[in-house]
Novice: 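One structure, pasted below without further comment.
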Amino acid sequence: MATIDLGKIKIVWKGTYSGGTAYVIDEAVVHSGTSYICIANTTGNAPPNGTYWNVLAQAGTNGTNGTDVGQQLQHKAIYFTEMALV
C-alpha cells in the first residue's frame, strides 16, 4: 500500500512574532494585534510582509470612538433608566 505524506494538516501556533525565529509554511503568529500565517520559510521578515505572511485575523478598532459594545450598552442602560423614571 502506498504511503502519502500529507504534511501539516493544521496551523501550528507559534505565539508572538520574534525576528530571530525561523518560521516555516503553516506556522502562525500574532504581531501588533493581528494574526498571520507563514506562506514561505522566513527568518527576520516581520508581518505584514506579504511575501512571507497572509493575514488570518486582523486587529479591530480599540473602541475609543464611542462605537464599541460597552459604550453602546452603557448609553442604552442610561436611556432605559431615564425612561423608567418618566
Side-chain angles (χ1 to χ4, degrees):
M1 177 177 250
T3 302
I4 299 173
D5 181 6
L6 297 176
K8 294 178 185 176
I9 56 173
K10 67 176 187 170
I11 294 170
V12 178
W13 185 251
K14 303 301 278 185
T16 302
Y17 173 81
S18 173
T21 300
Y23 296 99
V24 298
I25 293 172
D26 292 335
E27 291 183 337
V29 298
V30 64
H31 182 66
S32 298
T34 297
S35 59
Y36 298 88
I37 187 164
C38 184
I39 58 171
N41 295 352
T42 183
T43 303
N45 295 293
N49 184 326
T51 300
Y52 303 98
W53 302 98
N54 279 346
V55 173
L56 284 174
Q58 191 165 352
T61 62
N62 65 8
T64 58
N65 65 357
T67 61
D68 67 71
V69 173
Q71 288 274 348
Q72 294 300 316
L73 291 176
Q74 183 180 10
H75 293 315
K76 290 194 184 310
I78 292 170
Y79 173 76
F80 288 129
T81 301
E82 289 173 359
M83 290 296 292
L85 295 175
V86 174

Novice: Please test Tyr52 against Asn41 for side-chain contact (heavy atoms from CB on, under 4.5 Å), starting from the C-alpha separation and ending with a verdict.
Specialist: CA-CA 7 Å; Tyr52 303 98; Asn41 295 352; over 6 Å; no

Novice: So, for His31 and Pro47, which heavy atoms are closest and what is the spacing to 0.1 Å?
Specialist: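 Closest heavy-atom pair between His31 and Pro47: CD2-O, 3.1 Å.
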
Novice: For the residue pair Tyr23 and Trp53, categorise the inter-ring angle as parallel (less than 30°), tilted (30 to 60°) or perpendicular (more than 60°).
Specialist: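 Because their plane-to-plane angle is over 60°, the rings of Tyr23 and Trp53 count as perpendicular.
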
Novice: In Å and rounded to the nearest 0.5 Å, what is the OG1 to OH distance from Thr42 to Tyr17?
Specialist: 6.0 Å

Novice: Within this structure, what is the OG-CG distance for the pair Ser35 and Asn54, rounded to the nearest 0.5 Å?
Specialist: 11.0 Å

Novice: Quick one: CD on Gln58 to OG on Ser32, what's the gap to the nearest 0.5 Å?
Specialist: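 If we round to the nearest 0.5 Å, Gln58:CD and Ser32:OG are 11.5 Å apart.
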
Novice: With a 3.5 Å distance limit and no angle check, can you tell me whether Thr34 reaches the backbone of Ala59 through a side-chain donor-acceptor pair?
Specialist: yes

Novice: Within the 4.5 Å heavy-atom criterion, are Ile11 and Ile37 side-chain neighbours or not?
Specialist: yes

Novice: With hydrophobic residues grouped by side-chain heavy-atom distances under 4.5 Å, do Val29 and Ile39 end up in a single group?
Specialist: no

